[in-house]
Amino acid sequence: MTEQKRQKGVFALFSWTTITTQTVHAPDVHDRQESRVEDYTKKAIILKQIMSNKARRYQKINAAQNIATVVVSSLLLFFGFSGIEKIQKYLSWIGSVSIDVTELVFNVSMFLLFLIGTLHLVFRFPDKQSQSEKAVASLASLINEISDTVSTRGNLVVSDEPSKIELIRTRYEAIAENIPANSDKEFIRAKRDLAKKEQRKTHLQVRPQQLFDPAQQERIVASIVLGSRTMVDILIALRETNEALYLGGGLVRNGVWDYLHGYASPTAVDDVDVAYFNGLDVEKRHDEDIEKKLSGRIPNARWSVKNQARMHLVNCEAAYASLENAISHWPETATAIVVRLTPTGKLEFIAPYGFDDLLRLNVTNTPAFANRVDVIKERIDQKNWLVLWPRLRVSLASDDGAIARAVGT
């Protein structure tokens, strides 16, 4: 590696450190379309925040009214038992007070008690508080139901099945129709409150020296994987089906790039790549049998299971000696990563080229694709990588020399 290239790599690593230790806002990427279910989820979250704000406001008003009612009622009760003349005598200990002033205080207290009672009857703040709290509970239940459906059934990001969307839409509209109308001011405040909550969340903190340590790099990637409910559910399904199954690098790669770009929701994937190595039986039907078993556990995911012991035939290459050897022949270094969940609950990675390029947002080919960089260019264009993740840097090395293109900031 030349000194110039090494300095570029160090600069990119420190740039990534800045991304992970600061608040990162997702750029406006129009091609990154959200699903309809994600849209309903976000609407429900905002509506829940509005109702939560209202419930707190009504709770404070009710508390103030109750305190005022107790104070004024106690004062009137004191007036009633003591009488105006005695009250005047008590007040004269503090200062000279006429009988007219004493009566005025009594009449004002009566008026305040009447006013408080009228406010209770007219504005019905206790009922409004109860309605807001019920709406919060209903919306929280809907959000949790969507979240459970998305993760435990493997709808990577979400499923756009018409029946499921219709059920979610019906539930959302039923809740929305039975809650009070909301103003634009309340909507803006809810958005601001949600943004503050997001800023208070703990973020992965990385020191610059950690980025040069392979063990620390693996820990960083493992933290991002374990922070994704979708990937954890898939890893559990793979382990329960066959402990030799590994999750392919596409989903891991996307998860890391999403995190480094500050995306709140994951980028959708075409399918879930699963890799394993069995040199004793390379029949494709075994892959299909595993796909059926996985579909039984997570029905809505599009599984793509490949025994890497037979993929050399597809790629017209020499036989692969192991799973790691097979992965080293995948197109990009950032994609050449697989992971599985061990029986003890730990993550086990196979990454022939490490995690440098993945964490540096660097798209470069593996040595096996030195003569086929056009294939990777086509993948980048077809999958819209530079649109989905604008911070990516493309650097493809071929026999004709290096082709470098800096993208983003």
Side-chain angles (χ1 to χ4, degrees), residues 20 24 26 32-46 48-49 139-161 164-165 167-168 171-172 194 197-198 200-204 218-241 243 245-274 293-304 337-349 358 388-389:
T20 57
V24 180
R32 190 175 187 275
Q33 298 294 334
E34 293 181 349
S35 69
R36 293 175 60 192
V37 178
E38 279 184 299
D39 186 52
Y40 280 120
T41 303
K42 288 190 175 183
K43 288 180 180 178
I45 290 173
I46 293 174
K48 176 175 170 286
Q49 185 63 44
L139 289 165
S141 176
L142 175 61
I143 294 168
N144 290 335
E145 182 179 333
I146 296 174
S147 178
D148 290 341
T149 301
V150 168
S151 62
T152 59
R153 297 189 181 181
N155 307 319
L156 304 174
V157 181
V158 283
S159 171
D160 280 337
E161 293 180 9
K164 189 169 297 180
I165 292 176
L167 178 62
I168 292 172
R171 283 205 58 192
Y172 173 82
L194 288 172
K197 287 181 180 179
E198 184 65 26
R200 287 196 296 267
K201 288 183 179 179
T202 57
H203 294 280
L204 186 64
E218 181 173 324
R219 183 190 67 82
I220 293 167
V221 176
S223 298
I224 296 173
V225 170
L226 293 175
S228 167
R229 253 184 101 174
T230 298
M231 279 194 274
V232 170
D233 287 334
I234 290 173
L235 289 170
I236 292 174
L238 294 179
R239 185 182 64 180
E240 292 176 350
T241 302
E243 293 179 5
L245 299 178
Y246 285 78
L247 175 61
L251 197 57
V252 176
R253 176 201 64 215
N254 288 10
V256 172
W257 287 352
D258 282 342
Y259 183 88
L260 298 182
H261 279 74
Y263 293 154
S265 58
T267 300
V269 296
D270 297 328
D271 48 33
V272 183
D273 294 317
V274 178
K293 291 178 182 179
L294 291 172
S295 295
R297 294 183 181 277
I298 305 181
N300 295 319
R302 291 186 288 271
W303 297 100
S304 177
I337 298 170
V338 296
V339 61
R340 76 181 181 105
L341 191 64
T342 66
T344 59
K346 295 182 179 180
L347 294 183
E348 179 184 287
F349 288 91
L358 176 66
L388 295 173
W389 300 287

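The first residue in the sequence is number 1, and the count goes up from there. Owing to the predicted nature of the structure, the values given are computational and were not obtained by experimental measurement.
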Do the rings of Tyr172 and Tyr40 sit parallel, tilted or perpendicular, given the 30° and 60° boundaries?
tilted
Between Trp257 and Leu388, is a side-chain contact (heavy atoms from CB on, under 4.5 Å) present by the stated rule, with each step listed?
CA-CA 9 Å; Trp257 287 352; Leu388 295 173; over 6 Å; no
State whether the side chain of [X] and the backbone N or O of [Y] hold a donor-acceptor pair below 3.5 Å, judged by distance alone.
X: Trp303; Y: Ile298; answer: yes
X: Asp258; Y: Thr267; answer: yes
X: Tyr246; Y: Leu341; answer: no
X: Ser295; Y: Pro299; answer: no

Partner residues of Glu348 under the salt bridge (Lys or Arg N to Asp or Glu O under 4.0 Å) criterion, sequence neighbours left out:
Arg340
Given Leu347, which partner from the list Val221, Leu235, Thr342 fulfils the side-chain contact (heavy atoms from CB on, under 4.5 Å) test?
Leu235
Locate the shortest heavy-atom distance separating [X] from [Y]; write the atom from each residue and the value.
X: Ala140; Y: Lys48; result: CB-CE, 3.8 Å
X: Gly248; Y: Val338; result: CA-CG1, 4.0 Å
X: Ile224; Y: Met231; result: O-CE, 4.4 Å
X: Leu245; Y: Leu238; result: CD1-O, 3.9 Å
X: Arg171; Y: Ser141; result: NH2-OG, 4.0 Å
X: Val272; Y: Ala301; result: CG2-CB, 4.2 Å

Once you round to the nearest 0.5 Å, how far does [atom1] of [X] lie from [atom2] of [Y]?
X: Trp389; Y: His261; atom1: CH2; atom2: NE2; answer: 8.5 Å
X: Glu240; Y: Leu294; atom1: CD; atom2: CG; answer: 10.5 Å
X: Arg229; Y: Ile234; atom1: CZ; atom2: CD1; answer: 12.5 Å
X: Ser228; Y: Leu251; atom1: OG; atom2: CG; answer: 6.5 Å
X: Ile143; Y: Ile168; atom1: CD1; atom2: CD1; answer: 11.5 Å
X: Asp273; Y: Arg253; atom1: CG; atom2: CZ; answer: 8.5 Å

Identify, with sequence neighbours excluded, every residue that meets side chain to side chain donor-acceptor pair (under 3.5 Å) alongside Ser304.
Lys306
